[in-house]
Amino acid sequence: MGLNSSAVTHDLIRAYVDAFNRGDAEALFATLADDVVHDINEGETEIGLDAFRAFKAGMDRDYRETLEEVVVFAEGDRGACEFVVRGEYVGTQPGLPEATGQRYAIPAAFFVTVRNGKIGRITSYYNLRRWIAAVSS
């Protein structure tokens, strides 16, 4: 741990967010370890870059999102990112309300652990009930 590892963690999180907001999936994937552990909010844990690519493809199909009001925290090889996700719900997800292009803005966060200069674990959190209320009104 220390200043260098904290700086690497901070820079990786910023690179991930910046790539996400540019819609540059390959740059986003470049921040992740091949065996990345992805803990999905209200979902399963998936392992590996291929699983993350499939998850991202589904998200890109059904949502148009940007991360705003971003604040990054880093301490050694662990970090967090707090933000507001602003988006449009354009494709219906199973078990969720029908998508009709509803717009939403909800607070969210993710947490990471860095291994060997890449994000080795990413865990996302948001209030699903708040999101459902936003797209149902």
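For clarity, every value in this text was computed on a predicted model and none was experimentally measured. In what follows, every heavy atom counts, from backbone to side chain, and hydrogens, waters and symmetry copies are set aside.
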| Close side-chain approach of R14 and V70, heavy atoms under 4.5 Å | yes

| field | Rounded distance (nearest 0.5 Å) linking atom CG of N127 with atom CD1 of I132 | value | 9.0 Å

| task | Report the C-alpha distance between E26 and R53 in whole Å, list the side-chain angles of each, state the deciding distance to 0.1 Å, and finish with yes or no for side chain to side chain contact (heavy atoms under 4.5 Å, CB included). | result | CA-CA 9 Å; E26 290 308 312; R53 284 178 182 274; 2.9 Å; yes

| Can you name the closest pair of heavy atoms from R22 and A27 and give their distance? | NH2-CB, 3.5 Å

| salt bridge (Lys or Arg N to Asp or Glu O under 4.0 Å) contacts touching residues 109-131 (sequence neighbours left out) | D35-R115

| task | Check whether the ring centres of Y126 and W131 lie less than 6.0 Å apart, and answer yes or no. | result | no

| said: Using a 3.5 Å distance criterion without hydrogens, assess whether the side chain of T31 forms a donor-acceptor pair with backbone atoms of L28. | reply: yes

| request: Count the heavy atoms of every other residue, nucleotide or ligand shown that sit under 6.0 Å from OH of Y63, and state whether that count exceeds 12. | output: yes

| Just by distance, with hydrogens left out, do E82 and Y125 show a side-chain donor and acceptor under 3.5 Å apart? | no

| field | Inter-residue atom distance Y89.OH - R64.CZ, 0.5 Å rounding | value | 12.5 Å

| Rounded distance (nearest 0.5 Å) linking atom CZ of F29 with atom CG of L49 | 6.5 Å

| query | Under 6.0 Å from the CZ atom of R78, do we count more than 12 heavy atoms belonging to anything else shown? | reply | no

| At their closest point, which heavy atom of A108 faces which heavy atom of V85, and how far apart are they? | CB-CG1, 4.4 Å

| task | Looking only at non-hydrogen atoms, find the nearest pair between I13 and C81 and report the distance. | result | CG2-CB, 3.8 Å

| Aromatic rings Y16 and F20: how do their planes relate, parallel, tilted or perpendicular, breaks at 30° and 60°? | parallel

| Check ion pair R86-E69 (N to O, under 4.0 angstrom) | yes

| query | If you measure from OG1 on T45 to NE2 on H38, what distance do you get to the nearest 0.5 Å? | reply | 9.0 Å

| query | Do you reckon F111 sits in the same ILVMFWY cluster as F52, going by side-chain contacts under 4.5 Å, direct or chained? | reply | no

| task | Answer yes or no: does atom CG of D34 have more than 12 heavy-atom neighbours from other residues, nucleotides or ligands under 6.0 Å? | result | no

Can you give each donor-acceptor pair under 3.5 Å made by side-chain atoms of residues 90-100, sequence neighbours left out, with the distance rounded to 0.1 Å?
| from | atom 1 | to | atom 2 | distance (Å) |
| --- | --- | --- | --- | --- |
| T92 | OG1 | A99 | N | 2.8 |
| Q93 | NE2 | D62 | OD2 | 2.3 |
| T100 | OG1 | Q102 | OE1 | 3.3 |

| query | In Å and rounded to the nearest 0.5 Å, what is the CZ to CD distance from F83 to E68? | reply | 11.0 Å

| field | D77 versus T9, side-chain donor and acceptor atoms under 3.5 Å | value | no

| note | Smallest heavy-atom separation, V84 atom then A105 atom, equals CG1-CB, 4.1 Å

| When you measure from the side chain of S124 to the backbone N and O of I40, does any donor-acceptor pair fall under 3.5 Å? | no

| said: Side-chain heavy atoms nearer than 4.5 Å, only ILVMFWY residues, links allowed to pass through others: does that put V17 and F73 together? | reply: no

| field | I122 and its side-chain contact (heavy atoms from CB on, under 4.5 Å) partner, picked from T113, V112, D39 | value | V112

| query | L12 and I119: which non-hydrogen atoms are nearest, and at how many Å? | reply | CD1-N, 4.1 Å

| task | Give a yes or no on whether I106 and L128 share a hydrophobic cluster (residues Ile, Leu, Val, Met, Phe, Trp, Tyr; joining criterion: side-chain heavy atoms under 4.5 Å apart). | result | yes

